[in-house]
Amino acid sequence: MSGVHPDEMMTIAASRVLNSDDVCFVGIGAPSAACNLARLTHAPDITLIYESGTIGTAPDVLPLSIGDGELCDTAVTTVSVPEMFRYWLQGGRVSIGFLGAAQLDKFGNINTTVIGDYHKPKTRLPGGGGAPEIATSCGEIFITMKQSRRGLVEKIDFVTTFGHGVGGPARENMGLKTKGPTLMVTDLAVWKPDPETKEFTVETLHPGVTREAVQETCGWPVKFSDGLAVTPEPTELELTTLRDLQARTKAAHAGAA
Amino acid sequence: MSGVHPDEMMTIAASRVLNSDDVCFVGIGAPSAACNLARLTHAPDITLIYESGTIGTAPDVLPLSIGDGELCDTAVTTVSVPEMFRYWLQGGRVSIGFLGAAQLDKFGNINTTVIGDYHKPKTRLPGGGGAPEIATSCGEIFITMKQSRRGLVEKIDFVTTFGHGVGGPARENMGLKTKGPTLMVTDLAVWKPDPETKEFTVETLHPGVTREAVQETCGWPVKFSDGLAVTPEPTELELTTLRDLQARTKAAHAGAA
Amino acid sequence: MAKIQPLGDAVAENLRDGDFAAFEGFTHLIPHAAAHEAIRQGRRDLTLVRMTPDIVYDQMVGMGMAKKLVFSYVGNPGVGLLRRVRDAIENGWPNSLEIEEHSHAAMANAYEAGAAGQPIAVFRGYVGAELAEVNANIKSVTCPFTGEKLAAVRSVRPDVSFVHAQKANKKGDVLIEGIIGIQKEAVLAAGRAVVTVEEIVDNFDDVHPNACVLPSWAVTAVCVVPGGAHPSYTHGYYGRDNASYVAWDEISADRDRFKAWMLENVLDASPDDYADRVKSFRSAP
Amino acid sequence: MAKIQPLGDAVAENLRDGDFAAFEGFTHLIPHAAAHEAIRQGRRDLTLVRMTPDIVYDQMVGMGMAKKLVFSYVGNPGVGLLRRVRDAIENGWPNSLEIEEHSHAAMANAYEAGAAGQPIAVFRGYVGAELAEVNANIKSVTCPFTGEKLAAVRSVRPDVSFVHAQKANKKGDVLIEGIIGIQKEAVLAAGRAVVTVEEIVDNFDDVHPNACVLPSWAVTAVCVVPGGAHPSYTHGYYGRDNASYVAWDEISADRDRFKAWMLENVLDASPDDYADRVKSFRSAP
């Protein structure tokens, strides 16, 4: 399909892995767009939770922050932040945590804290927020981010959020019972961890994307699945729904109502 | 004043120690009657808290249980039981805890657990409920109970709720910062702990009550204050308000509305 | 998603012999109908947990369903002691009953920790209280910052919890209002949760955004049982039948009278009988 | 009982140089007016705590009021990084800034424990996370039942907390609705609490029984400041001024432009100016 922007492909591919039975802890940005696109297309009953305490939200436009008013207006219920983290996240009630990343390594460990040394940072990033415990408490973790050599790196500067550690059985060895990262959707491809090594492996390339394009935007030697396939093209419905959502969002955030 | 029942005198004397600034954690029975009498007479703005989660209640009749519907209907707010115990009680927001007792010793230690051995009880009592942490978390503790040799004993069978322990600085030695029992009102007298030994000492005798009557209904050798006085007679307002409250309560609990 | 189904089916599918089970309610919203259904189905060897076991636990214990009771206050509130529980503890009738006793603060913290997926609750508690000496499940941890000794109790995580609530919507979301007690924690701490409700409504559009709502996916089964809390009460629907609580004191005083009452009012009754029992306590509409 | 008083007086009486202070708000109800008053009054050496320090903390840090920042996410939500905070951390301008960094779960648990009067919060957390290695205030305790290692952090107990809320009644009870965030915990964990509100109403007779209400005696001061959350929002009163959040990114990019903006919009402004700022974001009545 011509005219599909890689960001759109990323959001659409990510939305497809969600379904109506999922209870999804949503990070702001690309995860939020994917989750809401899923809700507006094939997963109308998906439960979206934002860490501001809004459970089961159905916003008409994408929130700018995790605590926009519409999240509460459309929620099944809105709880306090301690309750959100204690009963709902730590309580193991969330099946999928959907995270973005500033830096990521091949085992799905995430850095959103600093570029450079922690105590003398080159760039101070926002920090972990909910991610460290989202990553260990949710049934599994989906990651979505745009590929770049600055983002997908051999060694991240700081382990904000534990993925598969050094790979293999690292999570079990830490006593974790949850699956950790099971999927990554980028603007170029869909990745899944190797069942043994846990190294992210490309499963499908988005339409028109080459292996070389993936490797050029990734800081480690990329592994491709033996059954490497092409991500299905966006459908008309997916693309229209996403574009309408983005347009409504842009209008709403531009200024006063 | 003739015709005043000792139970009435007990409730009235207990009500007098409360004022509008107090935030009071109320046990059921005699404490509840005293607290509500205070509210209906000289302490209209007193905050009454019941452990069911009702904060700032103003019931028209005395509740039969700590969770009667009217407590919620008239409350400033009603919170969950965990919040009640965590934020309001343990959080140190309550100035006075008002407790009853099945057995009590001269240092204000309370037993509401068993008569006899804990593992082979002669009589299994209801247990501590909120009392163990009420006694340590509230600013101070008032106790109200009817005197009897079975109730006021030299040695209680079980320390459900810590008062002044073995007396003296026992509370400070345990690391407690709260005052513990500072007052006991019985059907015969008003008692306060000795400033040094912490032994309960009779401060005032209710009208018509003798030292002998107090001793006969107490299992330890009673100490009387040097300045022993007589508890002021109930006023007309106190007595009428209490009797009206009791009559409304009896009618309300007799059966269907 | 919650299965909306008859109470008999929900109890049969979710309560098993030997379970660690909660029938919670803090004076308000006590799930009498659900407990009575469990009695009719004859479940055995239960470990029953509740902060304030009152007459419905007296009934279950008296019927020999419980091997253990975990609690912080066991009494008929405002009336007196529980005679069937006493008979079990003091005399082993109809069977001996193990007990694990806590304070309310400990139980509230332990349910809260259970809902929060934590193995323990840590708090300032039990200072000077003798319970800590007779209950091996009260331990301590040392604050790594100050050296203070803090109480530690295992979180409460029942196999199954039963609660009563005002209403559900068609999706199975549940609304609880008024004295919400420990209802939410009992549900979220449990592996399975069965909620009896007064009614099912189309939607919760008019519900306050911060009201206590349990989403359908956090509940196993929803059963419509009008009056299902009787003689406890349901805020906004009917008042507490205080006279029944008072009457229980005499009914439960004698083993035979107790058995006869249970036969007539529980074993020979059904979930459909509760609506009638609350008729005279209904709030003005 | 809460003192109902002008914001200037409440800040002067309750915020002191060197205080450990929270200006809380989770996107919703951020107390901008109170923070701006603190800036005008020139308080120094503050340790500022907040789960999600955003542009108003960027302003306080940029004005040199803070010696330390305790937080779990420092950013302009949905927009980007905080340039004044970055300048302080990366370049020590206008002063060096000590940081104590946690995860949201840790901060939420720590505020909760603070409200509950506990010295620490204990929870399953920080597993595999490197923060535990760079923050000496993240320690652990061992579960005395299972041997599991659990994270332990000090509870958050500010000297003073500032929050914004919808309204108070004449007694000084405060109502918070919508995204209630960590408002209640911030107030109850603190030694003193100042609440700005949109309005004062006669009574709360029509308020839901389980709504988030802070009784007057749990609050130190209540100040009427309509629009006091702008550019954050107040559910039921006015919406979020998203454009102001976006615009901040450019304003804060340059030290001089930042200073000029602060002079015009904060130092030369007063609590009466906020009502105008939210005019175009007011909800339909």
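Computed from a predicted structure; not experimentally measured.
- When each of A:G130, A:A75, A:G128, A:P63 is checked for heavy-atom pairs under 4.5 Å with chain D, A:G130 comes out on top.
- Annotation: the span from D:I182 atom CD1 to A:S52 atom OG amounts to 12.5 Å, rounded to 0.5 Å.
- At a 4.5 Å heavy-atom cutoff, the contact between D:Y233 and chain A is made by side-chain atoms alone.
- The CE atom of A:M84 lies 9.5 Å from the CD1 atom of D:I179; values are rounded to the nearest 0.5 Å.
- Looking at heavy atoms from C-beta onward, A:P82 lies out of side-chain contact with D:N109 at the 4.5 angstrom threshold.
- If you measure heavy-atom distances from A:L64 to chain D, the contacts under 4.5 Å come from both the backbone and the side chain.
- Contacts of A:E70 with chain D are absent, with no heavy-atom separation under 4.5 Å from either backbone or side chain.
- The candidate with the highest count of non-hydrogen atom pairs below 4.5 Å against chain D, out of A:S65, A:G67, A:P126, is A:P126.
- More than 12 heavy atoms of other shown residues, nucleotides or ligands fall within 6.0 angstrom of atom CZ in D:R255.
- D:E130 and A:N111 are not linked by any side-chain donor-acceptor pair at a separation below 3.5 angstrom, with hydrogens and angles left out of the test.
- Between the OH atom of D:Y126 and the OG1 atom of A:T161 there is a distance of 11.0 Å, given to the nearest 0.5 Å.
- For the pair D:E112/A:F85, no side-chain contact is recorded, criterion being any heavy-atom separation below 4.5 Å from C-beta on.
- Of the two parts of D:L82, neither the backbone nor the side chain holds a non-hydrogen atom closer than 4.5 Å to a non-hydrogen atom of chain A.
- Both the backbone and the side chain of A:P121 come within contact range of chain D, each with at least one heavy atom under 4.5 Å from a heavy atom of that chain.
- Looking only at heavy-atom pairs under 4.5 Å with chain D, the residue among A:G165, A:G53, A:G69 that has the most is A:G69.
- Contact of D:L131 with chain A is made through backbone and side chain together, with heavy-atom distances under 4.5 Å.
- If you measure heavy-atom distances from A:L176 to chain D, the contacts under 4.5 Å come from the side chain alone.
- For A:Y118, the part lying near chain D is the side chain, with the backbone staying farther off; criterion is any non-hydrogen pair under 4.5 Å.
- A pairwise comparison of heavy atoms in A:F162 and D:V127 identifies CB-O, 3.6 Å as the closest pair.
- Using a 4.0 Å cut-off between charged side-chain N and carboxylate O, D:E101 and A:R124 make a salt bridge.
- Contacts of A:K122 with chain D are made by backbone atoms alone, with heavy-atom separations under 4.5 Å and no side-chain atom involved.
- For A:V79, the part lying near chain D is the backbone, with the side chain staying farther off; criterion is any non-hydrogen pair under 4.5 Å.
- Residue with the most contacts toward chain D among A:D68, A:L71, A:T112, A:I110: A:D68 (heavy-atom pairs, distance under 4.5 Å).
- Rounding to the nearest 0.5 Å gives a distance of 10.0 Å between OG1 of A:T78 and NE2 of D:H28.
- For A:T123, the parts lying near chain D are the backbone and the side chain together; criterion is any non-hydrogen pair under 4.5 Å.
- Among D:A129, D:G75, D:S244, the residue with the largest count of heavy-atom pairs under 4.5 Å with chain A is D:A129.
- The local environment of CD in A:E172 is crowded, with over 12 non-hydrogen atoms from other residues, nucleotides or ligands closer than 6.0 Å.
- Within 6.0 Å of NZ in D:K68 there are more than 12 heavy atoms belonging to other residues, nucleotides or ligands.
- Looking at heavy atoms from C-beta onward, D:M51 lies in side-chain contact with A:V81 at the 4.5 angstrom threshold.
- Defined by atom type and a distance below 3.5 Å, a donor-acceptor pair is missing between the side-chain atoms of D:H104 and A:E133.
- For D:M107, no part lies near chain A; criterion is any non-hydrogen pair under 4.5 Å.
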